[in-house]
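Keep in mind that what you see is a predicted model, and the values were worked out from it rather than measured. Note on naming: letters A, B, ... go to the chains in the order of the sequence lines (proteins, then strands), and numbering restarts at 1 for each one.
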Amino acid sequence: FRLTPGSPKWTHTNLTYRIINYTPQLSKTTVETAIEKAFRVWSVPSPLTFTEISQGEADINIAFVPREHGDNSPFDGPNGILAHAFQPGQGIGGDAHFDSEETWTQDSRNYNLFLVAAHEFGHSLGLSHSSDPGALMYPNYAYSDPSTYSLPQDDINGIQTLYGPSNSPIQPTGPSTPTACDPHLRFDAVTTLRGEIYFFKDKYFWRRHPQLREVDLNFISLFWPFLPNGLQAAYEDFDKDLVFLFKGRQYWALSGYDIQQGYPRDIANYGFPSSVRAIDAAVSYRGKTYFFVNNQCWRYDNSRGTMDPGYPRSISRAFPGINCRVDAVFLQNSFLLFFSGPQYFAFNLVTHSVTRAARSNLWLNC
Amino acid sequence: AKALPVPPEDLEEKNAKTVENYLRKFYHLPSTQFQSARRNSTMVAEKLREMQRFFGLAETGKADAATLEMMGKPRCGVPDTGD
């Protein structure tokens, strides 16, 4: 996190705000609810309180304005700059302006008002932009499901540096952005997707380009707003050119970046009994899909559409040398790459043996 | 056809404008008036590296594809550095 240079902050904690005008795209109630929820993001981890007033001078004025609007920081029409806000202080200090030419929504369509408002109010309170890609105060817009939104730890650290901890006996904590070179990094799921390799972790995924070996971190929600965080397994069905993603008993299908209609579905469709509550990892190879659940391996025949007899069997029996629970697995050339905790094992499908073991985050260029 | 290919020279000029505009708004790139072209390009490269460092991109000091892609993303209007 970063504080605004000079660390300007409000000297009182019971702040007031006033909504000067509204956007015609959302009802007044929806705007008020989004703004109230955005302020609550900051009041929960700090001693700050926010009270709406409808008359007089508020600490934080909120307005929807287009282009040049008198503060020497013109907006630029749809997309580009979405909003801005001023650091704590009298007059325009603390005020937040939203580009009235944007499309403001209360869902995953660009741009969710609650998320942008929560970010701008961070500036109104004295925070600057954070270089943590998972932080609310990161400069670029990134959709996150408002119904499950919790302020990331980086932002909590920032606001508490300025105003101290919350008055509640239990200090709230928030999610931290995974770092590629964390020696303890475990992947939730790994799959290939038309040549690229996707490493899923919490609400993020690293995408590795096969030739350039560049790795970039993205929000799952940026590509697939409807997918949940915390995916557990994933595999690419090369014959159908589909990627399947699993969480709990539900699974989704992607064709490229497009989510297929009619999903999520229940893994009962694969023939799993109700006793199987979740899938740890999955990989498809030569018309068979291998599912890893606890210390067992199931094998599904893609063309017959049923599980093969003789399964489940122990993982170490199906893949000698893989004597651990599997977090994730994917196929590359004639190798299955099994990930377990901070390690991966390369299983040679020709010699039917483990031929290499190393750190998982080597795949992220660490 | 509506989508006519953009000649490379125009694209480069367009990219240069995008970069300068972005760096002026968010990284306090001084105005290029009254500056020599040489000094201006040095300053642009310096600010580009600052922006690339902030976003965790390769610090090339050049308007490479990843940098231009980042500059094209919707964002907040408050500068990333300074007041």
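Between A/Phe187 and A/Phe199, the ring planes are tilted. Angles from 30° to 60° get that label. Below 30°, between 30° and 60°, or above 60°: for A/Trp224 and A/Phe200 the angle between ring planes is between 30° and 60°, a tilted geometry.
Heavy atoms of A/Tyr138 lying under 4.5 Å from chain B belong exclusively to its side chain. At a 4.5 Å heavy-atom cutoff, A/Glu102 makes no contact with chain B through either its backbone or its side chain. In this structure, no portion of B/Met71 lies under 4.5 Å from any heavy atom of chain A. Of the atoms belonging to A/Phe86, not a single heavy atom falls under 4.5 Å from chain B. If you measure heavy-atom distances from A/Asn110 to chain B, you find no contacts under 4.5 Å at all.
Aromatic rings of A/Tyr17 and A/Phe121 (six-membered ring for Trp) have centroids beyond the 6.0 Å cut-off, not under it.
Taking the centre and axis of the six-membered ring of B/Phe26, the NZ or CZ atom of B/Arg75 falls inside the cone set by 45° and 6.0 Å.
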Next item on the list: Apply side-chain contact (heavy atoms from CB on, under 4.5 Å) to the pair B/Thr67 and B/Lys62, showing each step before the final yes or no.
Entry: CA-CA 8 Å; B/Thr67 302; B/Lys62 293 182 173 56; over 6 Å; no
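Ranked by heavy-atom pairs under 4.5 Å with chain B, the list A/Ser128, A/Ser130, A/Ala142 is led by A/Ser130.
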